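Have a look at this one.
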Number of protein chains: 2
Amino acid sequence: MPLADPAAPETPDPEALTPGTPPTGESLADLAYRRVEDLVVTMELAPGARVSEHGIAERIGVGRTPVREALQRLAGDGILVTRPRRGMRVREIDLATQLRVLEARRALEGTLVRRAALRRSPEQAARLRETAAAFRRMRDAPDPVPALRHDRRFVDLLLDSADNPFLASIIPLYALSRRFWLAHYARQVRFEPGAITDFHIRIGEAVAAGEEAEAGRLADAFLDHVEAFARFVGLDLAASS
Amino acid sequence: MPLADPAAPETPDPEALTPGTPPTGESLADLAYRRVEDLVVTMELAPGARVSEHGIAERIGVGRTPVREALQRLAGDGILVTRPRRGMRVREIDLATQLRVLEARRALEGTLVRRAALRRSPEQAARLRETAAAFRRMRDAPDPVPALRHDRRFVDLLLDSADNPFLASIIPLYALSRRFWLAHYARQVRFEPGAITDFHIRIGEAVAAGEEAEAGRLADAFLDHVEAFARFVGLDLAASS
DNA sequence: AATCGACAAACTGCATGCAGGAAAATTCGC
DNA sequence: GCGAATTTTCCTGCATGCAGTTTGTCGATT
């Protein structure tokens, strides 16, 4: 996901954007979804910011229709919130919401990693090991964003391995979790440096090895850790508001 | 959900349909979603049937845009499947898919009922008890469809009570489960008459009473039952194909 | 008569225009 | 000069038109 063009490709001219889409075989709506998701997670679109179809459409250089579809999906995923007639906004960051996200993740994540461990193909196992290795390399990198993007691919890989498309609703939960983590990155470093990445590495390896029970235990422990972190930073989140 | 008009309201004329929408305060896309979901669950749209934007738009008397949005949501939910460039079809019914659906339900459902039991308001408790009573009344009714529609409201109520919108991805799983059940209704009667309804009643009452652990146990037992049923009818599902 | 190729119908993806309604800016009254 | 009403602007929801592609059909050729 090379994120298209950081500069403003304002041209809705078909010539200008067709070179991007046919090769990928991806619809403009899918592109818009991933693009806006990324903007939200990286907080280029700040929490609470207004999001309009027209604005996004101009920003990424496509028409309103695919943008509209992407925005509605994002709203359905809870990444954007839509007040009845007042347009859409980026979901605010707060502890209560994050705890709900983690509650839903806890419901899904154990099943996800267990089934992935059970059903992954040899090729998927290899890619999981690669992913774990990549995490290891990023473990102490200064910029967190590459690890974030890598994390997204990790989840996609787990979903492929689990061979159950009905678990895919966990994807937006990860997006919200990544944003929460990024928003408190400075604190995170002091809270427990590298712990999250370590969990990713160990889960990836356990799944690759087919260790179902171990992967499940790790996922549980991971969520315990993430929840503790949320409560930790959430305290002065509430205090500062 | 009075399902609008069973006859064909072919008129895209605003006058003809505005009486339906403004009172509900619901968008045409939402209406189309529920309408098509119902068509699929009741198998008025048969498994494997082709679904086109234009066809549905004519059928329910709105333009293509809201229909398109609804169809894309339904595809995202796995109720419709979209072959790359060949349009959308209603998902086929098969045992393997149903087991995946139940796997995902198992992940979510325990959390759903436990949290609903924990967080339901007194008003929600009252409505849950009403729902259970209604199920009791329908227990031995000949026509299964009313119970099916009631079931949908039951889930909505559980979701409200659980106070966690991120668990809402269970809704389409129920839709697929209801269709599976309906498709095998004749066999169901012999398999274990009324058992499903009994579970609904008991779960509703446990949640209303705030019995978190009991509700969770019931949900687990319910899924065991439903899965056994799926495997039972799935055997000759495979044999007949 | 069967197969292959060309034509035609249909459908999706996308852009755009229009109407209704809310929010914001401006102007008018005090 | 400040508050309130009005106008302006923006935004969403929906319909519709257009282009590219695919599917199904009919006719021509072997």
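So that the names make sense, note that chain A is the first sequence line, chain B the second, and so on, each numbered from 1. This one's a predicted model, so the numbers in the text were calculated from it and none came from an experiment.
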Respond yes when some side-chain nitrogen or oxygen of B/Arg64 is under 4.0 Å from OP1 or OP2 of D/dT16, and no when none is. no
Can you classify the ring geometry of B/Phe135 versus B/His200 as parallel (below 30°), tilted (30 to 60°) or perpendicular (above 60°)? parallel
What is the distance from CD of B/Gln72 to P of D/dG13, rounded to the nearest Å?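 Between P of D/dG13 and CD of B/Gln72: 15 Å.
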Quick one: A/Glu69 CD to D/dG13 P, roughly how many Å, whole number?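 Atom-to-atom, A/Glu69 to D/dG13, this comes out as 13 Å.
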Using whole Å, report how far CD1 of B/Ile56 lies from P of C/dT12.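 Taking atom P of C/dT12 as the reference, CD1 of B/Ile56 is at 10 Å.
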When you check the gap from the basic side-chain N to the acidic O, do A/Glu227 and A/Arg231 get nearer than 4.0 Å? yes
Any side-chain N or O of A/Arg68 less than 4.0 Å from the OP1 or OP2 oxygen of D/dG13?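 Answer is yes, contact under 4.0 Å.
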From NE2 of B/His54 over to P of D/dG17, roughly how many Å is that when rounded to an integer?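 The answer, rounded to whole Å, is 12 Å.
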Quick one: which of C/dC14, C/dC11, D/dT12 gets closest to the side chain of B/Arg50? C/dC11
For B/Gly55 and B/Thr65, take the nucleotide of DNA chain C holding the closest heavy atom to each; which residue's nucleotide lies nearer the 5' end?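 Nearer the 5' end of the strand: B/Gly55.
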B/Ser27, nearest nucleotide to its side chain (from D/dA15, C/dG13, D/dC14):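 Looking only at side-chain atoms, B/Ser27 lies closest to D/dC14.
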Could you tell me the separation between the CG atom of A/Leu28 and the C1' atom of C/dA15, rounded to a whole number of Å? 11 Å
Which nucleotide, D/dA15, D/dC14, C/dT12, lies nearest any side-chain atom of B/Glu53?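 Closest of the options to the side chain of B/Glu53: C/dT12.
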Does any non-hydrogen side-chain atom of B/Glu37 lie less than 4.5 Å from one of B/Arg178?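 Yes; the side chains approach each other to less than 4.5 Å.
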Starting from P on D/dC14, measure out to OH on B/Tyr33 and report it in whole angstrom.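 Rounded to whole Å, this separation is 17 Å.
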Sugar-phosphate, base or nothing in reach of B/Ser52, heavy atoms under 4.0 Å: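 Sugar-phosphate contact only.
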Does one side chain, of B/Tyr33 or B/Glu26, offer a donor that lies under 3.5 Å from an acceptor on the other?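 Note: B/Tyr33 and B/Glu26 side chains miss the donor-acceptor criterion.
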Salt-bridge contact B/Asp156-B/Arg152 (side-chain N to carboxylate O under 4.0 Å):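 Looking at B/Arg152 together with B/Asp156, the answer is yes, because their closest N to O distance falls below 4.0 Å.
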Between P on C/dC11 and CZ on B/Arg89, what's the gap in Å once rounded to a whole number?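 Whole-Å distance recorded here is 12 Å.
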What is the nucleic acid contact for B/Val67, judged by heavy atoms within less than 4.0 Å: base, sugar-phosphate only, or nothing? nothing
Just how far, in rounded Å, is C1' of C/dA10 from CD of B/Glu58?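 Result: 13 Å.
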